[in-house]
Amino acid sequence: MQDPNHQSGRTAQQQVPEVASMGHAPWEQQPAIRVPLDQLVLDASPRLNGQDREHVQRLAEIDLSLPPILVQRGTMRVIDGAHRVRAAQLNGKGSITAYFYDGTEEDAFVVSVERNVTHGMPLTHADRRAAADRIIKSHPHWSDRAIATRTGLSDKTVRAIRSSSEIPQSNERLGLDGRTRPMSAADGRRRAAEILAAEPTKPLRRVAEASGVSLATAHDVRQRMLRGDDPVPGRRETNGRTLPLALPAKSASQIALSKETACLDAMLARLTKDPSLKYTDTGRLFLRWLHLHAIDNKDWETFLDSMPEHCRHSVATIARQVASKWQDFACQLEHAQDSACCRSQPVAASPAQALPSPSP
């Protein structure tokens with residue numbers, strides 16, 4: 001039998017992200033071994049009321065082999081499988097098959113909760129709330145979503161539990177993707193501005209990763225710095241407190257652009273529901289094509305800074321040619337009813353061909 005006190009070379013910091021990623025559990029990559037029941041400790045369950053006797057009885061009546069339990073190496077505490085241990089004891093068995101976990105007690109509790117949220121006999125709502133409260137205290141740097149995912153609660157519930165906690169909270173949060181982000185969006189913007197000031201040529205993607213902001217935010221920060229604006233939009237400091245300022249008035253072109261985008265979305269939605277398009281093969285084919293090619297600013301802004309310099313001219317040329325084809329298409333559609341000539345021309349005709357002939 002493998003020595004239960006043997007320490008694996010893998011650290012808890014390495015294991016917890018693997019569990020958090022919902023991938024293959026690291027302990028299952030090692031063979032399960034038989035462990036004497038009298039060596040196991042059953043005081044680490046996230047269940048407020050302990051094991052359920054009826055569930056233990058049901059497990060004891062199953063003839064098939066049950067899955068291995070999970071035990072924390074060193075302490076021999078059962079992380080997952082307390083009901084299976086009780087069932088084995090009820091059947092008079094002396095040992096049970098188990099995997100070993102090499103993390104800390106705090107991380108072992110997280111794993112216990114995560115594995116009992118949905119499978120076997122799921123934790124009650126009260127169990128999950130109590131577990132979330134304990135995890136917030138042991139892992140205050142974890143985001144609300146990261147804790148919610150592990151406890152089977154909503155982000156809103158975890159946020160409420162955190163707000164009622166009296167322990168000091170971190171200024172950063174570790175998300176499900178393993179990235180640490182600042183709690184304040186303004187802090188992230190300031191951090192990005194500091195990086196750009198020190199390294200103006202640093203790629204924006206790396207700036208975003210280092211400062212914990214999105215690529216679009218990093219792009220906006222750089223544009224503001226180039227204009228000489230504050231990297232944090234519409235905010236000012238008063239007596240140490242950050243207060244929102246009134247939003248600056250939009251220019252006529254900005255207002256027109258926002259109305260244009262809203263109008264585009266509304267027209268696309270209307271066309272998608274139109275029965276003459278929705279319930280015909282040609283119409284459905286056209287709608288799929290239209291949604292694929294209808295774009296607005298937010299669809300291409302993220303590519304501006306990542307585009308290699310030697311590719312920019314070619315991409316710009318393609319964009320202009322595609323725009324020209326769209327103009328031709330628009331011209332054909334607008335004048336098709338007024339000109340028999342337009343109706344007979346192919347879709348890719350030039351604007352001059354699409355326009356009706358001037359009257360003498």
Q: Does any part of the side chain of E105, heavy atoms only, come nearer than 4.5 Å to the side chain of S138, both counted from C-beta?
A: no

Q: Using side-chain heavy atoms (C-beta onward) and a distance below 4.5 Å, is T280 in contact with F286?
A: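 No - every pair of side-chain heavy atoms lies 4.5 Å or more apart.
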
Q: Taking salt bridge (Lys or Arg N to Asp or Glu O under 4.0 Å) as the test, write out the residues that go with K93, two or more places apart.
A: none

Q: Say whether V78 and V56 are linked into one hydrophobic cluster, either directly or through other cluster members, by side-chain heavy-atom distances under 4.5 angstrom.
A: no

Q: Contact between V221 and L204 at the side-chain level, heavy atoms closer than 4.5 Å - yes or no?
A: no

Q: Please list, chain by chain and in numerical order, all residues satisfying side-chain hydrogen bond (donor to acceptor under 3.5 Å, both in side chains) with D274, sequence neighbours excluded.
A: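 With neighbours one apart ignored, the set is S276.
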
Q: Indicate if V117 and M121 have the same hydrophobic cluster label, given that clusters are the connected sets of ILVMFWY residues with side-chain heavy-atom separations under 4.5 angstrom.
A: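 They do not share one cluster, since no chain of ILVMFWY contacts under 4.5 Å joins V117 to M121.
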
Q: Side-chain contact test, heavy atoms from C-beta onward, threshold under 4.5 Å: evaluate it for R159 versus R162 and give yes or no.
A: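 A side-chain contact is absent here, since even the closest heavy-atom pair is not under 4.5 Å.
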
Q: Check this for me, if you would: do D133 and R129 make a salt bridge, where the nitrogen-to-carboxylate-oxygen distance has to be below 4.0 angstrom?
A: no

Q: With sequence neighbours excluded, tell me which residues meet salt bridge (Lys or Arg N to Asp or Glu O under 4.0 Å) with R320.
A: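 Per chain and number, R320 pairs via salt bridge (Lys or Arg N to Asp or Glu O under 4.0 Å) with no residue.
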
Q: Test salt bridge (Lys or Arg N to Asp or Glu O under 4.0 Å) on R189 and D230; report intermediate values, then the result.
A: CA-CA 10 Å; R189 282 178 168 271; D230 193 311; over 6 Å; no

Q: Report the hydrophobic cluster partners of L226, with the cluster defined as I, L, V, M, F, W, Y residues connected by side-chain heavy atoms closer than 4.5 angstrom, directly or transitively.
A: none

Q: Go through the structure and list residues passing side-chain hydrogen bond (donor to acceptor under 3.5 Å, both in side chains) with S45, not counting sequence neighbours.
A: none

Q: Answer yes or no: is there a donor N or O on one side and an acceptor on the other, between the side chain of D144 and the main chain of D155, under 3.5 Å?
A: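 Answer holds: no.
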
Q: Kindly write out the residues that satisfy side-chain hydrogen bond (donor to acceptor under 3.5 Å, both in side chains) with R47, not counting sequence neighbours, or none if the list is empty.
A: N116

Q: Under 3.5 Å, side chain of T149 to main-chain N/O of R145, donor-acceptor pair present?
A: yes

Q: Could you note down all residue pairs passing salt bridge (charged side-chain N to carboxylate O under 4.0 Å, His left out) where residues 37-46 supplies at least one of them, sequence neighbours left out?
A: D43-R77

Q: Does any part of the side chain of R53, heavy atoms only, come nearer than 4.5 Å to the side chain of Q57, both counted from C-beta?
A: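 No. Closest side-chain heavy atoms not under 4.5 Å.
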
Q: Closest heavy-atom contact between L123 and P46?
A: CD2-CG, 3.9 Å

Q: State plainly whether one hydrophobic cluster holds both I135 and L153, where clusters connect Ile, Leu, Val, Met, Phe, Trp and Tyr through side-chain heavy atoms under 4.5 angstrom apart.
A: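 I135 and L153: one cluster.
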
Q: CG of L215 to CZ of R205: how many Å apart, nearest 0.5 Å?
A: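 So the gap between those two atoms works out to 5.0 Å.
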
Q: Are V111 and D80 packed together at the side-chain level, in the sense that at least one heavy-atom pair is separated by less than 4.5 angstrom?
A: no

Q: Could you measure the distance from the CG atom of D281 to the CG atom of L285? Nearest 0.5 Å is fine.
A: 8.5 Å

Q: If you look only at pairs with a residue in residues 194-204, which of them pass as a salt bridge (charged side-chain N to carboxylate O under 4.0 Å, His left out), with sequence neighbours excluded?
A: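 For residues 194-204: E199-K202.
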
Q: Looking at R284, I want to see if its CZ is surrounded by more than 12 non-hydrogen atoms of other residues, nucleotides or ligands under 6.0 Å.
A: yes

Q: So do the side chains of Q39 and V71 get within less than 4.5 Å of each other, counting heavy atoms only?
A: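 When only atoms from C-beta onward are counted, V71 and Q39 do not touch, as no gap falls below 4.5 Å.
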
Q: Hydrophobic cluster membership, with links at side-chain heavy-atom distances under 4.5 Å among I/L/V/M/F/W/Y: are M76 and L42 in one?
A: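 Shared cluster, yes.
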
Q: Do other residues, nucleotides or ligands put more than 12 heavy atoms under 6.0 Å from E54 CD?
A: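 12 or below, so no.
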
Q: Check ring-ring contact (aromatic ring centres under 6.0 Å, His included) between H125 and all other residues, then give those that pass, not counting sequence neighbours.
A: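 Residues passing ring-ring contact (aromatic ring centres under 6.0 Å, His included) with H125: none at all.
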
Q: Output all residues satisfying salt bridge (Lys or Arg N to Asp or Glu O under 4.0 Å) with D127, sequence neighbours left out; order by chain, then residue number.
A: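 Scan of D127 (salt bridge (Lys or Arg N to Asp or Glu O under 4.0 Å), adjacent residues dropped) gives none.
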
Q: Each residue besides L64 in its hydrophobic cluster should be listed here, by chain and number; the cluster joins Ile, Leu, Val, Met, Phe, Trp and Tyr at side-chain heavy-atom distances under 4.5 Å.
A: L59, I62, L66

Q: Distance check, rounded to the nearest 0.5 Å: D52 atom CG versus R86 atom CZ?
A: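 Reported value, rounded in 0.5 Å steps: 12.5 Å.
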
Q: Under the 3.5 angstrom rule, does the side chain of R84 hit a backbone N or O of P67 as a donor-acceptor pair?
A: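 Yes, because the side chain of R84 sits within donor-acceptor range (under 3.5 Å) of the backbone of P67.
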
Q: So, R150 side chain and A146 main chain: donor-acceptor pair closer than 3.5 Å or not?
A: yes

Q: L48 and A126: which non-hydrogen atoms are nearest, and at how many Å?
A: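 In terms of heavy atoms, the two residues are closest at CD1-O, 3.8 Å.
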
Q: Would you kindly confirm whether L70 and V41 end up in one hydrophobic cluster when ILVMFWY residues are joined by side chain heavy atoms under 4.5 Å apart?
A: no

Q: Just jot down the side-chain hydrogen bond (donor to acceptor under 3.5 Å, both in side chains) partners of Q51, sequence neighbours excluded, or say none.
A: none

Q: Report yes if some heavy atom in the side chain of T317 is under 4.5 Å from a heavy atom in the side chain of H313; otherwise report no.
A: yes

